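In each ligand, atom 1 is the first atom listed, and ligand 1 is the first ligand listed. Worth saying up front: this structure is predicted, and the values here are computed from it rather than measured.
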Amino acid sequence: MTDLAARWRATRAAVDAACVAAGRRPDEVTLVAVSKLHPVAAIDAVVAAGATDVGENYVQELLAKQASAATHPRWHFIGRLQRNKARQIAGKVALIHAVDSRELGVELGKRVSPGAVQPILIAVNVAGEATKGGVAVADAPALIADLAAVPGLRVDGLMTMPPPTDDPEGARPHFAALRALRDRIATPALPLPQLSMGMSHDFAVAIACGATLVRIGTAIFGERPAA
Ligand SMILES: *Cc1c(COP(=O)(O)O)cnc(C)c1O
């Protein structure tokens, strides 16, 4: 696992370098280590090396890893969440990245313990891809306003996952569009400070466009085993 520690450090260094290149402070960008389909020992190895935030995509896998990890990172749920599994995740993670419907948000709010708050991001389908989750750009302001009013939820910002491109620059217009949407709809009462965008191959572009959370799997853990 020393290899994983070295890969985590190299990835964090690359994120830091991208921040500096973009004229930003490295502490403005949280590196979420995306560990789906990798063993819990791999999570423990990167957390021991300094990782603070870990992202998972599947409900059962997240819960099993939370129960068995020897370390205590901040857990993020970054996958698509079905409404019938919302209660299993509400209150269990630091941030849910991909809320894209009023029904899902309301269900999450209902399942949070009284007095607690579940931070969420709104997933936006900036490219308008038919096969992907995420709310359409045109519908995002209304959804955000609705969910900001749901007790038990706190809307911290936006997330996107652009269409795959070979050239990381291909993602730039999508990242820029998410940033522009946030800048257009943020208010002092609802500042939406977090932008979750950028993965292994395009995080530098995302950081240049204002990402505050980058979700990086392969660069740290290597290729994923088949599901
Ligand atoms: C798997 C996944 C990632 C990590 O992707 P890599 O290319 O392995 O860095 C990031 N975000 C989401 C939503 C994912 O499902």
Side-chain angles (χ1 to χ4, degrees), residues 3-4 6-18 29-40 42-43 45-47 49 51-63 65 73-82 85-86 89 93-101 104 119-127 129 131-135 156-172 174-175 177-178 194-227:
D3 172 47
L4 276 180
R7 287 177 78 133
W8 185 83
R9 281 194 294 271
T11 305
R12 183 65 238 191
V15 166
D16 291 355
V29 177
T30 298
L31 167 49
V32 180
V34 176
S35 48
K36 60 172 177 267
L37 306 178
H38 291 288
V40 70
I43 295 175
V46 299
V47 174
T52 53
D53 292 76
V54 168
E56 287 283 342
N57 288 66
Y58 309 107
V59 171
Q60 296 316 322
E61 185 177 349
L62 168 77
L63 296 175
K65 286 175 172 173
R74 272 192 298 272
W75 297 91
H76 296 244
F77 191 80
I78 66 167
R80 286 184 85 167
L81 182 56
Q82 291 167 281
K85 297 195 173 159
I89 290 295
V93 293
L95 186 61
I96 298 174
H97 287 232
V99 177
D100 63 359
S101 75
L104 174 59
I120 64 166
L121 304 179
I122 305 301
V124 184
N125 188 339
V126 280
E129 292 174 281
T131 56
K132 263 199 200 150
V135 64
D156 279 355
L158 309 179
M159 177 268 201
T160 200
M161 189 150 157
T165 51
D166 291 333
D167 179 359
E169 284 297 328
R172 188 181 292 268
H174 306 295
F175 295 151
L178 193 74
Q194 303 290 355
L195 292 174
S196 171
M197 55 188 194
M199 317 200 302
S200 288
H201 78 295
D202 57 12
F203 65 82
V205 176
I207 288 168
C209 294
T212 62
L213 294 147
V214 290
R215 309 178 309 267
I216 301 183
T218 309
I220 299 171
F221 296 104
E223 294 296 326
R224 284 179 282 277

Quiz item: In the protein, which heavy atom is nearest to atom 9 (O) of ligand 1, and how far is it?
Solution: Ser200 OG, 2.5 Å
Practice problem: Check each atom of ligand 1 against the heavy atoms of Arg215 and keep those under 4.0 Å away; list them by number with element. | Solution: 4 (C), 9 (O), 10 (C), 11 (N), 12 (C), 13 (C)
Quiz prompt | Sub-4.0 Å atoms of ligand 1 with respect to non-hydrogen atoms of Arg224 | solution = 1 (C), 8 (O)
Quiz item: Out of Ala219, Gly217, Gly222, whose heavy atom is nearest to atom 4 (C) of ligand 1?
Solution: Gly217
Self-check item: Approximate separation, where rounding is to 0.5 Å, of Ile120 CD1 and Met159 CE
Solution: 12.5 Å
Exercise. Could you list the atoms of ligand 1 found under 4.0 angstrom from a heavy atom of Ile78?
Key: 11 (N), 12 (C), 13 (C), 14 (C)
Exercise. Mind checking the OG1-CD1 spacing from Thr218 to Ile220? Nearest 0.5 Å is all I need.
Key: 9.5 Å
Exercise. Could you tell me which atoms of ligand 1, counted from 1 in the order shown, lie closer than 4.0 angstrom to a heavy atom of Lys36?
Key: 1 (C), 2 (C), 3 (C), 14 (C), 15 (O)
Self-check item: Which of the ligand 1 atoms, numbered from 1, are nearer than 4.0 Å to a heavy atom of Ile216
Solution: 9 (O)
Quiz prompt | For atom 10 (C) of ligand 1, the protein heavy atom that lies nearest, with its residue and separation | solution = Met199 SD, 3.2 Å
Self-check item: Residues Glu56, Lys65; criterion salt bridge (charged side-chain N to carboxylate O under 4.0 Å, His left out); working and verdict
Solution: CA-CA 9 Å; Glu56 287 283 342; Lys65 286 175 172 173; 2.8 Å; yes
Quiz item: Just which atoms of ligand 1 are under 4.0 Å from any heavy atom in Asn57?
Solution: 14 (C), 15 (O)
Quiz item: Of the backbone atoms (N, CA, C, O) and the side-chain heavy atoms from C-beta on, which set of Met161 has a member under 4.0 Å from an atom of ligand 1: side chain, backbone, both, or neither?
Solution: side chain
Quiz item: Taking atom OG1 of Thr165 and atom CG of Asp202, what is their separation to the nearest 0.5 Å?
Solution: 6.5 Å
Quiz item: Are the side chain of Asn125 and the backbone N or O of Lys132 linked by a donor-acceptor pair below 3.5 Å?
Solution: yes
Quiz item: Rounded to the nearest 0.5 Å, what separation is found between the CD atom of Gln194 and the OG1 atom of Thr212?
Solution: 3.5 Å
Quiz item: Counting distance only, does the side-chain N/O of Arg215 pair as donor-acceptor with the main-chain N or O of Gly198 below 3.5 Å?
Solution: no
Exercise. Mark yes or no for whether Thr160, through its side chain, and Val124, through its backbone, hold a donor-acceptor pair below 3.5 Å.
Key: yes
Quiz prompt | Which of the ligand 1 atoms, numbered from 1, are nearer than 4.0 Å to a heavy atom of Thr218 | solution = 6 (P), 7 (O), 8 (O), 9 (O)
